[in-house]
Amino acid sequence: MKPVTRRRVLIGLGSGAGVLIVGAPLALNAGRPALVEFIEENGTGPQDAPRDPDLWFEVTPAGVTFFVPKVEMGQGIHTALAQIAAEELEVTPEQLTVRQADTARGYAGGTMFTFGSTSVKALYRPLREAAATLRELLREEAARQLGVPAARLTAAGGSFFVAGSRERIGYAQVVAGKQGEWVIPEAAPVLKARRDFKRIGRAMPRTDFRDKVLGTATYGYDARLPGMLFGAVARPPRFGARLVSASAGAAGRQPGVERVVIDVGAGFAGVVARTRTQARAALPSLDLRWEGGTTASSADLDAQIQAGSGSVLRRRGNVRAALDGGTVVRAEYRTPLAAHAHLEPLAALADVQAGGRIEVWASTQYPQKIVDDLRGVFGKDREVLVHPTQLGGGFGRKAGQHAALEAARLSAAVGKPVHVGWTREEDLQHAFYRPPTHHVLRGSVGADGRVRGVEQFTAGGDIIWGQTGMPEFVRDALGFDPGGLLGQFLPYDLPAYRVVNRREALPVPTGYWRGLGVLPNTFALESFMDELAHAAQVDPLAFRLRHLGSGGDGGRLRTVLDRAARAAGWGTPVAAGRARGVACCLDLNTASALVAEVSVEDGRVRVHRVTVAVDPGLVVNPDGARLQIQGSVMMALSSALHEELTIQDGRVVESNFDRYRLLPLRDAPEVEVLLIESGEDPQGLGEPVMGPAAAAVANAVFTLTGQRLRTLPLRPGS
């Protein structure tokens, strides 16, 4: 049976759900918890990555080139995947030249989508099998050329050494001496045992560091071609507004303007000029008329996002009976609309040749989506080549392809390459966003200090559905967005537990944001666990451990909680004016626990120290893993303490980082990372730690002040 991936699950839902829903709504209601469980168990499983070595590698006299299908956006993925490749290829890291794959070289398709902390997890085994296959192909050919049995050859450092002699032959020599075709065997060779690893599990210098330090790395904003022009595109005054009429007005007479491009049917109006400044300066001279759109405000969105009814996603035991006794706790939590706030705005360069190939250089997480979208505009048979560049951050936003499509429309009109680079203001005000959420929880603890049961109502805007073409009636009938399942459920052993979810299509575009639902959901759930612990008059750490099993996921969570707590000094005196809070999370099959040490100064929360323990399975590069975790902690703290996007009259109020506040460098806390390897293959790493950070901080504030903060961003006294 083929492994099922989240993407395949979603495709399956998209293509067949309409029939399912029309034909059997009652069955869907009854089976929804099982469907949710199925997606949970299989949603981030291995992708169908090809094992053919010729797609990944090229061996020449200059050495071995590795074409990396995943995009580098600061997470160090090129380095980690190069380590995996080098391990089975038996080459030194210095002998491996790492190149970004494009849609013509490397491989295309959904596996080039860089998302969801899946890169190492998804490619770990396929890449090892491809590298090992190449190694064994070379070994067989080397044996033939040397006239010795293959079993006498040992691979090391890009060469084969003949046992019992000084004879050796390099990989490039083997390739140069090959006659006839290479025949790739059906079966993958035996992979190395973990105890024999020499590259995996060790710190290795970043493959992208040199180019970034020297400033030679190419980002989407840096892409250039001879004779290229620059474009700028008009934006609607509010979300959902339609362009109903347009003319060039005085724009065509502005300095440097080469062409005004208008397509009212596509809602498109743009300017091509010799410089970017000239293109942007001409935009206000277009004569445009927009109609419609939303006039919603943030308060309207909050009113629309109301937990309390919806689809049952999980049920266990008799919650109603459980809540009839014991000490009952009820609490509501909210998280706001948030922006991705990546440093590099959207940017792309497109060269659309009349009737010929379309070539694009873009800062994109999803190159295949650009191919599909361009073929949707210019014809299904058009040849499209996409070069992913380095990304100055993505966090889900660069799965959208607006800049590439805009550059292509302008390039097709003017007959020359055109670069479109969004401004920071455009990026903040015309994007899609992390949707707001609302959580209502009721739980009961008995006299024995144990939870009797929990009822959980959750509501939120669309995440994955917000960026797909899924019909509204299908989304509504399913009753949940798969992106909202991350961090959705309490990982504790509870005798009675019921989860009811309500999804809402908002008038503001929403979609992927780092970790999808894990931060909002875990903030609510782990804050509530603290409230239950307080009601039970039990230490919050001890309370959590009391409700976790000793094996499986419960055992892994116990381990990370214990390690983080001990390293943070849990239970020992803390400096005057400070307190500690704890939270944990199981996400993408990675267990993490975090202890935050905070103070409240002048009405503001200050995080002084974070101790985080993570069990992500096998760690490929410990240095890279620590950096990923530290980055996750900083982004989560920024969201917990500062980030909130305001909607007024159907548009975003914040225009730049002066008003959309991020965690400043001066407030970055000390972060201690403890890596705990289990026997599993690598799991998700870049996002799971986003989960417990906000709750740990809120729980620490409660311990310090007695005030329970239930809304992000955390503002004492509000």
Side-chain angles (χ1 to χ4, degrees), residues 49-72 75-101 105-107 111 114 119-142 153-161 168-175 182 184 188-211 616-628 677 681-682 685:
R51 273 72 169 171
D52 299 344
D54 55 341
L55 293 174
W56 300 72
F57 301 105
E58 182 178 82
V59 183
T60 70
V64 182
T65 299
F66 170 39
F67 293 90
V68 187
K70 298 294 184 179
V71 177
E72 181 63 64
Q75 79 278 44
I77 192 59
H78 282 196
T79 305
L81 293 180
Q83 283 180 257
I84 296 169
E87 185 69 70
E88 293 290 350
L89 267 176
E90 294 291 4
V91 297
T92 66
E94 295 76 19
Q95 291 175 307
L96 200 61
T97 301
V98 178
R99 292 279 183 268
Q100 173 68 58
R105 183 65 208 246
Y107 63 89
T111 46
T114 308
S119 294
V120 168
K121 179 175 181 173
L123 300 188
Y124 175 68
R125 287 202 172 268
L127 176 54
R128 288 181 63 197
E129 289 180 6
T133 299
L134 175 57
R135 182 195 67 218
E136 293 309 305
L137 281 172
L138 292 169
R139 186 196 303 273
E140 290 295 327
E141 176 61 19
L153 299 183
T154 300
S159 294
F160 292 103
F161 297 83
R168 63 176 287 274
I169 186 169
Y171 289 179
Q173 289 175 274
V174 175
V175 171
W182 296 91
I184 300 172
V190 175
L191 302 179
K192 295 171 70 172
R194 187 178 292 196
R195 62 178 176 277
D196 296 328
F197 285 169
K198 298 190 286 287
R199 316 287 179 212
I200 296 174
R202 298 184 180 183
M204 209 179 99
R206 292 276 293 257
T207 62
D208 56 333
F209 220 48
R210 177 183 171 83
D211 287 346
L618 174 66
V619 176
V620 174
N621 184 328
D623 276 0
R626 288 191 180 89
L627 292 173
Q628 275 279 69
E677 289 194 27
D681 281 356
L685 186 62

For residues P682 and I84, determine if any side-chain heavy atom of one lies less than 4.5 Å from a side-chain heavy atom of the other. no
To the nearest 0.5 Å, what is the distance between CD1 on I184 and CG on D54? 4.0 Å
Can you tell me how far the CD atom of E129 sits from the CG atom of L123, to the nearest 0.5 Å? 11.5 Å
Does any non-hydrogen side-chain atom of W182 lie less than 4.5 Å from one of V175? yes
Take V620 and R199, measure what side-chain contact (heavy atoms from CB on, under 4.5 Å) needs, and give me the verdict at the end. CA-CA 8 Å; V620 174; R199 316 287 179 212; over 6 Å; no
Looking at E58 and R99, is any side-chain nitrogen of the basic one under 4.0 Å from a carboxylate oxygen of the acidic one? no
On a heavy-atom basis, the closest approach of F67 and G106 is CB-CA, 4.0 Å
Rounded to the nearest 0.5 Å, how far apart are OG of S159 and CG of L153? 11.0 Å
Going by heavy atoms in the side chains, are T133 and R51 under 4.5 Å from each other? no
Considering all heavy atoms of both residues, which atom of Q83 and which atom of R202 are nearest to each other, and what is their separation? NE2-O, 2.8 Å
For the atom pair CG (L627) and OG1 (T79), what is the distance rounded to the nearest 0.5 Å? 10.0 Å
If you take all heavy atoms of P53 and A130, which pair is closest and at what distance? CB-O, 3.4 Å
K70 side chain to I77 main-chain N or O, any donor-acceptor pair under 3.5 Å? no
Do the ring planes of W56 and F66 sit parallel (below 30°), tilted (30 to 60°) or perpendicular (above 60°)? parallel
Is the closest side-chain heavy-atom distance between F160 and E141 below 4.5 Å? no
Salt-bridged, R206 to E72, with N to O below 4.0 Å? yes
Heavy-atom side-chain proximity of R194 to D681 below 4.5 angstrom: yes
Any heavy-atom pair between the side chains of V59 and L134 that's under 4.5 Å? yes
Over all heavy atoms of both residues, which pair between E88 and R135 is shortest? Give the atoms and the distance, please. O-NH1, 2.8 Å
Measure across V91 and L96 and return the closest heavy-atom pair with its distance rounded to 0.1 Å. CG2-CD1, 4.2 Å
Closest approach of R128 and L191, non-hydrogen atoms and distance? NH2-CB, 3.4 Å
Taking the side chain as every heavy atom from C-beta outward, state whether L685 and V619 have any pair of such atoms under 4.5 Å apart. no
pair Q95-V64: side-chain heavy atoms closer than 4.5 Å: no
Donor-acceptor contact present, side-chain Q100 to main-chain V68, <3.5 Å: yes
